Amino acid sequence: MSKLKVLVTGASGQLGSDLVDELLMRSHDVVALSRSQLDITNCGAVAAAIREHRPSVFINCAAMVNVDACELDVEAAIKVNALAVWHIAVLCSKAKVKLVQISTDYVFDGEKNSPYTEADVPNPINVYGLTKFFGEMFVRNYCDEHLIVRTAGLYGIRGSRSKGGNFVEFVIGAALKNEPLRLVTDMVTSPTFTRDLASKLCELVEAEAHGIVHVVNSGQCSWHEFGSRALSLMGLDVQVIPIVSDELDRPARRPKYTPLVSIRLDDFGVEPLRDWREALHDYLCIRGLLKQ
Ligand SMILES: NC(=O)c1ccc[n+]([C@@H]2O[C@H](COP(=O)([O-])OP(=O)(O)OC[C@H]3O[C@@H](n4cnc5c(N)ncnc54)[C@H](OP(=O)(O)O)[C@@H]3O)[C@@H](O)[C@H]2O)c1
């Protein structure tokens, strides 16, 4: 595989930071830009970054990811998740740069009763999902050379600043403080460790994958099952109260069932990711919370 020059936006996020580490480990030439170094809503700055660094691949990990914040500030969500992505797509197309856009399971309405494949039709039900779907459409229609990777339920070592960390840390933190834990049983996802996703993203880019591809840790579970699993791996005997999502009274509606599966990874000779339970175990070991 020849060395690529890759520009990564949102490089200090939980996925962005793992992706930068993985690209460097694979000896690619990386330009890692955090929000303070490149605000993707500043079209002039994005153009200047492409001119200055001349990447062969542009991976956009920057996004407004807090689902309730998107619902409460629609304009900001449109600017970051859709308009900025349109500008990036136009600029990448002009400069003949391949664009890799990260998207989400929340483009689906959650009404299906088996995992969503790349052939399923999106029908977002909240502002976050809608704006991410617009982002996808802009990439597809304005930049021929593209890869859209949809993923779900991310947790990573650095956590997401705008979400106040990640779900696993939230659950463990609450249990250690003896705080009551109420987790939803009626929302099912494919929890995905960002380190696993980062390595699969690199494989896909190296394999010159294109179009839409779903990448998640294999399997599915409710947030209740996911949190309970983390606690039982840690040996924390804490009661987790099962609740339904309506009890949470949050600003944004959430799709109830959004596990993903890929029917396209095979086209590029790429294996699916390992099971979510194995990835969670590994995450806890890497965090130093469990012995291998
Ligand atoms: N988290 C999930 O469960 C999940 C699920 C499915 C798909 N995804 C997608 O995966 C991608 C990565 O998400 P993540 O979980 O790694 O979230 P994250 O940790 O919050 O990372 C997003 C990054 O984008 C940055 N950012 C926000 N607005 C920006 C702007 N205007 N210009 C430049 N950077 C900006 C954030 O900076 P600040 O922290 O300073 O705001 C943050 O570093 C996103 O595309 C997201 O939609 C996430």
Side-chain angles (χ1 to χ4, degrees), residues 7-22 31-46 49 58-70 73 75-88 99-108 110 116 122 124 126-136 138-139 147-170 187 189-198 200-201 212-217 223 226 252 254-255 258-260 276:
L7 187 153
V8 180
T9 58
S12 59
Q14 55 180 354
L15 174 60
S17 52
D18 278 349
L19 180 62
V20 168
D21 291 348
E22 182 71 26
V31 180
L33 300 175
S34 66
R35 182 183 192 154
S36 59
Q37 293 162 308
L38 180 64
D39 180 338
I40 60 164
T41 63
N42 182 341
C43 179
V46 175
F58 186 121
I59 306 185
N60 182 30
C61 294
M64 187 162 165
V65 300
N66 185 312
V67 175
D68 290 324
C70 288
D73 191 347
E75 258 181 54
I78 290 174
K79 273 188 196 152
V80 181
N81 294 344
L83 264 183
V85 179
W86 171 57
H87 283 131
I88 292 171
L99 174 56
V100 180
Q101 168 69 4
I102 311 302
S103 194
T104 171
D105 53 331
Y106 274 27
V107 298
F108 296 114
Y116 285 92
N126 58 30
V127 171
Y128 171 68
L130 271 163
T131 56
K132 292 294 289 183
F133 179 58
F134 287 149
E136 286 190 4
F138 284 138
V139 171
L147 169 66
I148 295 168
V149 171
R150 289 194 192 123
T151 187
L154 294 186
Y155 61 98
I157 302 292
R158 312 248 172 116
S160 167
R161 192 196 58 82
S162 73
K163 291 185 172 180
N166 76 42
F167 177 79
V168 178
E169 300 290 337
F170 159 75
M187 285 180 56
T189 188
S190 303
T192 300
F193 182 17
T194 50
R195 197 175 275 198
D196 284 8
L197 171 59
K200 215 37 75 170
L201 265 170
I212 298 177
V213 182
H214 289 180
V215 181
V216 288
N217 279 121
W223 291 98
F226 185 38
R254 264 84 169 163
T258 56
L260 302 179
W276 68 267

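Quick caveat: nothing in here was measured; it's all calculated off a predicted structure. When a ligand or atom number is given, it counts from 1 through the structure's own listing order. What's counted below: heavy atoms across the whole structure, side chains too, no hydrogens, waters or symmetry copies.
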Looking only at heavy atoms, which two atoms of Asn60 and Ile40 are closest? And how far apart? OD1-CD1, 4.0 Å

Would you indicate whether the side-chain heavy atoms of Asn66 and Tyr128 approach each other to under 4.5 Å? no

In ligand 1, the atoms that come under 4.0 Å of a heavy atom of Thr151 are 6 (C), 7 (C)

Using every non-hydrogen atom in the two residues, find where Val107 and Ser103 come nearest and quote the distance to one decimal. CG1-OG, 3.9 Å

The closest protein heavy-atom partner of atom 3 (O) of ligand 1 is Leu154 N, 2.9 Å

Thinking salt bridges, do Lys79 and Asp39 make one under a 4.0 Å N-O criterion? no

pair Glu169-Tyr155: side-chain heavy atoms closer than 4.5 Å: no

Subset of ligand 1 atoms that lie under 4.0 Å from at least one heavy atom of Lys163: 1 (N), 2 (C), 3 (O)

Would you mind running through ligand 1 and noting each atom that sits below 4.0 Å from a heavy atom of Ser103? 7 (C)

Please write down residue, atom name and distance for the protein heavy atom closest to atom 19 (O) of ligand 1. Gln14 N, 2.8 Å

Minimum-distance protein heavy atom relative to atom 32 (N) of ligand 1: Ile40 N, 2.9 Å

Rounded to the nearest 0.5 angstrom, the OG-CZ distance for Ser34 and Arg161 is 11.0 Å

Is atom 36 (C) of ligand 1 close to the protein, meaning a heavy atom under 4.0 Å from it? no

For ligand 1, note which part of Cys61 has a heavy atom under 4.0 Å away: side chain, backbone, both or neither. backbone

Work out whether the distance between some heavy atom of Ala84 and some atom of ligand 1 is less than 4.0 Å. no

Please could you name the atoms of ligand 1 that Gly153 approaches to less than 4.0 Å, counting only its heavy atoms? 3 (O), 5 (C)

For Arg150, is the nearest heavy atom under 4.0 Å from an atom of ligand 1? no

Using a strict cut-off of 4.0 Å, indicate which atoms of ligand 1 neighbour a heavy atom of Ala62. 24 (O), 33 (C), 34 (N), 35 (C)

Heavy-atom pair with the smallest gap, counting every atom of Gly110 and Thr258: CA-CG2, 4.3 Å

Is it true that Lys132 lies under 4.0 Å from ligand 1, counting heavy atoms only? yes

In this structure, atom 31 (N) of ligand 1 is nearest to the protein heavy atom Asp39 OD1, 2.9 Å

Atom indices of ligand 1, in the order listed, that fall short of 4.0 Å to a heavy atom of Val65: 13 (O), 17 (O), 20 (O), 44 (C), 46 (C), 47 (O)

Do Val168 and Phe226 come within less than 4.5 Å of each other through their side chains, counting heavy atoms only? yes

Heavy atom of the protein closest to atom 16 (O) of ligand 1 (residue, atom name, distance): Leu15 N, 3.0 Å

Write out the residue and atom name of the closest protein heavy atom to atom 10 (O) of ligand 1, then the distance separating them to 0.1 Å. Ile102 CG2, 3.3 Å

Apply side-chain hydrogen bond (donor to acceptor under 3.5 Å, both in side chains) to the pair Thr131 and Asn81, showing each step before the final yes or no. CA-CA 5 Å; Thr131 56; Asn81 294 344; 3.2 Å; yes

Scanning both residues in full, the closest heavy-atom pair of His214 with Tyr116 reads ND1-O, 3.1 Å

Test log, rule salt bridge (charged side-chain N to carboxylate O under 4.0 Å, His left out), inputs Asp105 and Lys132: CA-CA 10 Å; Asp105 53 331; Lys132 292 294 289 183; over 6 Å; no

Out of Ala11, Ala45, Gly13, the nearest non-hydrogen contact to atom 21 (O) of ligand 1 is supplied by Gly13

Any heavy atom of Tyr128 closer to ligand 1 than 4.0 angstrom? yes

Please identify which atoms of ligand 1 are closer than 4.0 Å to at least one heavy atom of Arg161. 38 (P), 39 (O), 40 (O), 41 (O)

Please report which non-hydrogen protein atom sits nearest to atom 41 (O) of ligand 1, along with the residue it belongs to and the distance in Å to one decimal place. Arg35 NH1, 2.7 Å

Side-chain ion pair, Arg150 and Glu136, N-O less than 4.0 Å: yes

Using heavy-atom distances only, which candidate in Ala152, Ala63, Gly165 approaches atom 26 (N) of ligand 1 most closely? Ala63

among protein heavy atoms, the one nearest atom 20 (O) of ligand 1 is Ser160 OG, 2.7 Å

Close approach of Thr9 to ligand 1, heavy atoms, under 4.0 angstrom: no

Below 4.0 Å from any atom of ligand 1, is there a heavy atom belonging to Leu38? yes

Measure across Ser17 and Arg158 and return the closest heavy-atom pair with its distance rounded to 0.1 Å. CB-NH1, 3.0 Å

Is it the case that more than 12 heavy atoms not belonging to Phe167 sit under 6.0 Å from its CZ atom? yes

Hey, are the side chains of Val8 and Leu33 touching, using non-hydrogen atoms and a 4.5 Å cut-off? no

